[in-house]
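The figures here come from the full heavy-atom set of this structure, side chains too, leaving out hydrogens, waters and symmetry mates.
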Amino acid sequence: MKVILNVDVKSLGEEGDVKNVANGYARNFLLPRNLAVPYNEATVMMFEARKAEIEAKKEQKRKDSASLKEKLEAASIEVEMPAGANGKLYGAVTTHVIADALAKLGFDIERKRIELAGITIKTVGTYKATVKLYEAQSAEIHVVVKAQETAEEKAAKDKAAEKAETKEAAN
């Protein structure tokens with residue numbers, strides 16, 4: 001069944017797109033929720049009248065994604081994970097971990113839009129990830145994976161700091 005989308009539908013398309021979908025999908029999901037209207041002469045004429053408005057929305061989305069791209073590429077993401085002495089992580093850095101780190105920086109990015117060169121990152125180092133933005137735009141972000149300090153390392157640093165404080169207090 002041919003339909004015209006009233007709003008952006010995540011896995012289907014954007015407002016004003018003409019799509020050919022299964023009859024049941026249109027009848028049971030899209031049409032009752034007002035997400036789409038049947039494709040006929042009247043609805044085509046209605047969307048032709050709104051074409052300028054729809055294009056203006058798409059242009060605004062393009063501009064927003066361009067500014068988001070600049071902000072993402074300027075940001076550096078640091079992730080601390082438990083790791084062994086050889087730099088191999090005990091866990092793995094996945095798109096979910098990167099999405100959480102981006103959320104802490106104030107970016108609202110779905111993990112499905114983040115792509116890693118491999119499936120996961122399993123060693124300490126600097127990596128690049130790609131974030132898919134609107135249409136064909138994408139941003140390349142730098143991810144720095146660091147090893148977390150173990151309890152012994154923290155204790156050793158604390159002892160060294162205490163010794164330094166006692167020496168300064170003695171002088």
Colleague: Quick check: closest heavy atoms across Ala139 and Lys69, and the distance to 0.1 Å?
Modeller: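 Heavy atoms of Ala139 and Lys69 come nearest at CB-CG, 3.8 Å.
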Colleague: Which pairs, with at least one residue in residues 15-38 and sequence neighbours excluded, count as a ring-ring contact (aromatic ring centres under 6.0 Å, His included)?
Modeller: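 Sorted pair list: Tyr25-Phe29.
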Colleague: If the condition is side-chain hydrogen bond (donor to acceptor under 3.5 Å, both in side chains), which residues does Ser138 pass it with, not counting sequence neighbours?
Modeller: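 With sequence neighbours excluded, Ser138 shows a side-chain hydrogen bond (donor to acceptor under 3.5 Å, both in side chains) to no residue whatsoever.
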Colleague: Is any side-chain heavy atom of Leu35 closer than 4.5 Å to one of Val3?
Modeller: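 No; the side chains remain at least 4.5 Å from each other.
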Colleague: Does Asp17 have any side-chain hydrogen bond (donor to acceptor under 3.5 Å, both in side chains) partners at least two apart in sequence or in another chain, and if so, which?
Modeller: none
Colleague: Going by salt bridge (charged side-chain N to carboxylate O under 4.0 Å, His left out), name the residues that satisfy it together with Asp100, two or more places apart in sequence or in a different chain.
Modeller: none
Colleague: When you compare the side chain of Thr126 with that of Val145, does any pair of heavy atoms fall below 4.5 Å?
Modeller: no
Colleague: Between Lys128 and Ile141, is the side chain to side chain contact (heavy atoms under 4.5 Å, CB included) condition met? List the steps.
Modeller: CA-CA 6 Å; Lys128 292 182 182 178; Ile141 56 175; over 6 Å; no
Colleague: Transitive ILVMFWY cluster of Val37 at side-chain heavy atoms under 4.5 Å: who else is in it?
Modeller: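 The other cluster members (ILVMFWY side chains, heavy atoms under 4.5 Å, direct or chained) are Ile4, Val18, Tyr39, Val44, Met46, Phe47, Ile54.
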Colleague: Grab the two heavy atoms, one from Ala26 and one from Val21, that are nearest each other, plus how far apart they are.
Modeller: CB-CG2, 3.7 Å
Colleague: Search all heavy atoms of Gly13 against all heavy atoms of Leu5 and return the closest pair with its distance.
Modeller: C-CD1, 3.6 Å
Colleague: Mind checking the CG-CG spacing from Leu133 to Leu72? Nearest 0.5 Å is all I need.
Modeller: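 Interatomic distance, Leu133 CG to Leu72 CG, rounded to 0.5 Å: 6.5 Å.
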Colleague: With the side chain counted from C-beta on, respond yes when Met45 and Thr43 share a heavy-atom pair under 4.5 Å apart, and no when they do not.
Modeller: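 They are not in contact (no side-chain heavy atoms under 4.5 Å apart), so the answer is no.
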Colleague: Taking ILVMFWY side chains as joined if any heavy atoms are under 4.5 angstrom apart, and letting links pass through other members, which residues group with Val144?
Modeller: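 Under the 4.5 Å side-chain rule, Val144 groups with nothing.
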Colleague: Where is the tightest heavy-atom contact between Pro38 and Leu31, given as atom of each residue plus distance?
Modeller: CD-CD2, 3.8 Å
Colleague: Applying side-chain contact (heavy atoms from CB on, under 4.5 Å), name anything that partners Glu41, two or more places apart in sequence or on another chain.
Modeller: none
Colleague: By the side chain to side chain donor-acceptor pair (under 3.5 Å) test, which pairs, at least two apart or in different chains, include something from residues 49-60?
Modeller: Glu15-Arg50, Glu15-Lys57, Glu59-Arg62, Gln60-Asp64
Colleague: Under the salt bridge (charged side-chain N to carboxylate O under 4.0 Å, His left out) rule, what pairs show up with a residue in residues 22-33, not counting sequence neighbours?
Modeller: none
Colleague: Mind listing the side-chain donor-acceptor pairs of residues 107-117 below 3.5 Å, one per line with the distance, residues two or more places apart or on another chain?
Modeller:
| unit_1 | atom_1 | unit_2 | atom_2 | d |
| --- | --- | --- | --- | --- |
| Glu110 | OE2 | Lys10 | NZ | 3.2 |
| Arg113 | NE | Lys132 | O | 3.0 |
| Glu115 | OE2 | Lys132 | NZ | 2.9 |

Colleague: Can I get a per-line list of side-chain donor-acceptor pairs under 3.5 Å for residues 74-97, giving both atom names and the distance, sequence neighbours left out?
Modeller:
| unit_1 | atom_1 | unit_2 | atom_2 | d |
| --- | --- | --- | --- | --- |
| Glu78 | OE1 | Lys146 | NZ | 3.2 |
| Asn86 | OD1 | Lys88 | N | 3.1 |
| Thr94 | OG1 | His96 | N | 3.4 |

